[in-house]
Participant: 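Quick one: the structure is below, questions incoming.
Every value quoted in this text rests on a predicted model; they were computed, and no experiment measured them.
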Amino acid sequence: MTLRLTNTLTGRQETFVPLEPGRVRMYSCGPTVYAPAHVGNFRSFLFADLLRRYLGWLGLEVTWVMNITDVDDKIIRDARRDGVPIAELTARYTAAFLEDAERLRMTRPDVMPRATEHIPDMVALIETLLATGHAYRTDDGSVFFRLASWPSYGQLARLDPTQQRVGERVEADDYGKDDVRDFVVWKGPKDGEPSWETAVGPGRPGWHIECSAMSMRYLGTTFDIHTGGVDLIFPHHEDEIAQSEAATGRQFVRTWMHCAHLQMGGQKMAKRTGNIERPADVYARGYGPRALRYALIGAHYRAPLEFGDDSLRSATAAVDRLDNVLAALDAYRSDAPSDTTMPTALAETRERFTEALDDDLNIAPALAAVFDLVREMNRRLDAGSLSTEDAGSAAAFLRDLDRVLGVMDQGDEALDPDLASMLEERAAARAARDWATSDRLRDALADRGIAIEDTKMGQRWRRLAEVRRA
RNA sequence: GGCGACGUACCCAAGUGGUUAAGGGGGAGGUCUGCAAAACCUCUAUUCACCGGUUCGAAUCCGGUCGUCGCCUCCA
């Protein structure tokens, strides 16, 4: 059992060895809270969540940090446009993000540092960069990182800084930098913009410095894993490496991991192109959060993924299938003796599941192993060849795998007493062969998000709410 | 122009040198069933964008062609 991960830094798959045995420290670039995050953003967050869950499932102790960027150009722009204080805007969208993340069953990171609460950490880093000549001040009070002082710049993105095409997107600066490619670590004060009085002068932090300061603050100068979308490789992560390593003289991150983009209509989902969809939009169309989660994590993280009704429908059906077998296993009662082949069947699935995820989180074959087991369990349920305990252990086994996947019905929610009595009534109606009443109750329960199946062992129910609209 | 990812069935997607090309969805037929649903069974790619090459053997390796997507200082 060795986990191998693709490291953007080396471009290769490497055996993952944590710096400290048994313990993993990872950082994920989180949201900028000026609008609700779209499902493309969530692909990257849920990819990090999948990794975090898998590491934990393997028995490693994980410290996961995800930042919240609560000061930046767009936040300032939108707050001004809406005439609301910045803190109010960011508080609103931070809450929205946390709610979306929770519904999508994203593991709560151990620390979610806010940029505005870590200005001193950033300033300390900037002071070091200034003192060592890796950064310089300009007339307006800004501080820039001096690219010329960092020869290995461009390693992560495999980009030659001298080849950058100045003029197209590399703009002649408005802060008066020495070299157009230098990037800002501290922005001098401007009218109408938030500003902090600090040892490097008044102003506000640049975007990149925030991740360097906050990740090192909670994870140390060198840590194991840093994740984000491929669009962050350059310049964001490249700049993080430069400023962090220039300041500490040590390697910043050992393994960089990046997930491919979510696409819609064959193009990257992005606010600038307008082809975005938010979790709320998806739910409004009748898909549940578990189906959305499945759609976002069901393909390999490094492959571009087309998002839309096709993928959501397919995901809904897949999650439904999992719910079904769990409901059937939970409801199963039999005096049959224990099926002696069960332990082997479960162990085999576990091995295939682990082997697949060990291979750079290759989730498709891991899911294939799960669904093969689902078919096998359904067969045995139909044949009645399981004991009650066998069914229980199979359900517990699947739910254990779900500590990684996070898409199944955990079966731990108490049923509303109202619904419970409707179920009882229906069972009674069926016993009396009163089909009209039983069918009416089935429809009524369906309206309340409960699906019913009648089996030889009586009626069985499952909840649809988290998967699809009733 | 530079760099990178990729092209497998109706859709999504594994497989990266050797038995029948995983799995999910969809479709067709069947079994079970008061009806429904679910489940199960059978079928749904002699073929892996295309053209060459290496090899006893290629979806997998090499070369070329075509096509798609991304990054190249707002970006998950």
Participant: Report yes if at least one side-chain N or O of A:Asn362 is closer than 4.0 Å to OP1 or OP2 of B:rG15; otherwise report no.
Facilitator: yes
Participant: In whole angstrom, give me the gap between the P atoms of B:rA76 and B:rG63.
Facilitator: 36 Å
Participant: Looking only at heavy atoms, which two atoms of A:Ser28 and A:Trp64 are closest? And how far apart?
Facilitator: OG-NE1, 2.8 Å
Participant: Between A:Arg321 and B:rC40, does any side-chain N or O lie under 4.0 Å from OP1 or OP2?
Facilitator: yes
Participant: If you measure from the C1' atom in B:rU46 to the same atom in B:rG30, how many Å do you get, rounded?
Facilitator: 27 Å
Participant: Can you tell me whether the side chain of A:Asp382 and the base of B:rC32 have a donor-acceptor pair closer than 3.5 Å?
Facilitator: no
Participant: Check this for me: does any side-chain nitrogen of one of A:Arg380 and A:Asp390 sit under 4.0 Å from a carboxylate oxygen of the other?
Facilitator: no
Participant: Is the shortest side-chain N/O distance from A:Asn378 to OP1 or OP2 of B:rC40 below 4.0 Å?
Facilitator: yes
Participant: For the pair made of CG in A:Leu262 and C1' in B:rA76, what is the distance, rounded to whole Å?
Facilitator: 10 Å
Participant: Below the 4.0 Å mark, does B:rC41 have OP1 or OP2 next to a side-chain nitrogen or oxygen of A:Arg379?
Facilitator: yes
Participant: Strictly by modelled atom types, are A:Asp70 and A:Tyr93 linked by a side-chain donor-acceptor pair under 3.5 Å?
Facilitator: no
Participant: Expressed in angstrom and rounded to an integer, what is the separation of A:His258 atom NE2 from B:rG4 atom P?
Facilitator: 16 Å
